[in-house]
Amino acid sequence: MITFYPGPSKVYDEVGQYLQEAVDSGVISANHRSAAFMQMLEDAIRNLKTKLNVPDAYEVYFVSSATECWEIIAESLISDGSLHIYNGAFGEKWMEYTQKLTGSARPYSFETNNEPLLKDEIQPARNEIICVTHNETSNGTALTAEFLNTIHDQSDNIIAVDATSSMAGVELPWLSADVWYGSVQKCFGLPSGMGVMIVSPKAVERAIAIGNRAHYNSLLFIRDNFLKFQTPYTPNTLGIYLMGKVMQQVASIETVAQKTLERAQDWYSFLPKHGYQLLVENEAVRSKTVVALRDTKERIASIKKAALQEGIVLGNGYGKDKETSFRIANFPAITDMEIQTLKDFLVFFSSK
Ligand SMILES: *Cc1c(COP(=O)(O)O)cnc(C)c1O
């Protein structure tokens, strides 16, 4: 079975071998305050920062999921409201979730094919946290680095970015934002069950100023532990082990991102050529890591069914286009041969 589901998604082929190594090494049986665990956590963070080019001054924490980051940000970083700029289901969920916790989330939604306007409509208030979704997994759109750089240059507000389905697949303009988070089951090519949170010194300063330590997952409490290469609660030790191994194995993000880009360009020219309709018409806002297609409900059902008979899993639609779209993950762990298998199937299906 090969899967193009955009999360959980295909894990790197080497993960099977790493699982066995994890058991053999004994570290996954070790106490999470032991020297062996702390060394492993330190290695995993170092490998991640090196391969993804994370600035030295930014701190990396492993948490339970991207969804948990919504809660951590709301409780530890938002004191004077948040402005949520989004065009799809994940950005909207983040806003709704934050609204329940803080009562001061302000939505600004834009159309799938548009880039959000910068000047007049988006005016963050003082101390408001700006929340954006780098890669909107539900509809296959992405924000450009220029957009992130511009909001960064135009305000000194803290910017938080949901990069769940792009982190480790494309290059991220780290210095243009203060909080970046993602989940391991997307571009990291790892089994689900862990989130990655990356924070700037400015975000840490804000958390200190707010001083919230009321939650088991308060950012300051997580940070106190991670500074000692420990975790506030018993962590996903196996997940951290696999993260360290996979981050050691992969090429640097420039190389990975180049391949992601080439494969994305290839999908975006291949699919329309064979009669498939892209969900996103504006090339400038198309995601590099999640390709969304539009079709009738009936035809989508028959494509998915026929694909499954060939051992291929396609991604369902999500959010408002759930019934009339399907998605193809373009994540780094997918091999060229698997892509070729899907292409052959799609050519065959379109000729029926
Ligand atoms: C998958 C996804 C999430 C949720 O990730 P979890 O690991 O399930 O918490 C959030 N935002 C985006 C953009 C996603 O793609």
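Both counts, for ligands and for their atoms, begin at 1 and track the order of listing.
To the nearest 0.5 Å, atoms SG (C69) and OH (Y97) are separated by 11.5 Å.
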I'd like the atom pairs linking ligand 1 to the protein - N or O on both sides, separation under 3.5 Å - with distances to 0.1 Å.
unit_1: ligand 1; atom_1: 7 (O); unit_2: S183; atom_2: OG; d: 2.4
unit_1: ligand 1; atom_1: 7 (O); unit_2: Q185; atom_2: NE2; d: 3.0
unit_1: ligand 1; atom_1: 9 (O); unit_2: A66; atom_2: N; d: 3.2
unit_1: ligand 1; atom_1: 9 (O); unit_2: T67; atom_2: N; d: 2.8
unit_1: ligand 1; atom_1: 9 (O); unit_2: T67; atom_2: OG1; d: 2.6
unit_1: ligand 1; atom_1: 11 (N); unit_2: D162; atom_2: OD1; d: 3.4
unit_1: ligand 1; atom_1: 11 (N); unit_2: D162; atom_2: OD2; d: 2.7
unit_1: ligand 1; atom_1: 15 (O); unit_2: T137; atom_2: OG1; d: 2.4
unit_1: ligand 1; atom_1: 15 (O); unit_2: K186; atom_2: NZ; d: 2.7

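A donor-acceptor pair shorter than 3.5 Å can be found between the side chains of Q39 and D43. A donor atom on one side chain and an acceptor atom on the other are found under 3.5 Å apart for N316 and K304.
The shortest heavy-atom contact between P332 and A168 is CG-O, 3.7 Å.
Under a cut-off of 6.0 angstrom, the local environment of CD in E42 is crowded, with over 12 non-hydrogen atoms contributed by other residues, nucleotides or ligands.
Take Q248 and apply the side chain to side chain contact (heavy atoms under 4.5 Å, CB included) test, not counting sequence neighbours, and it matches N47, K245.
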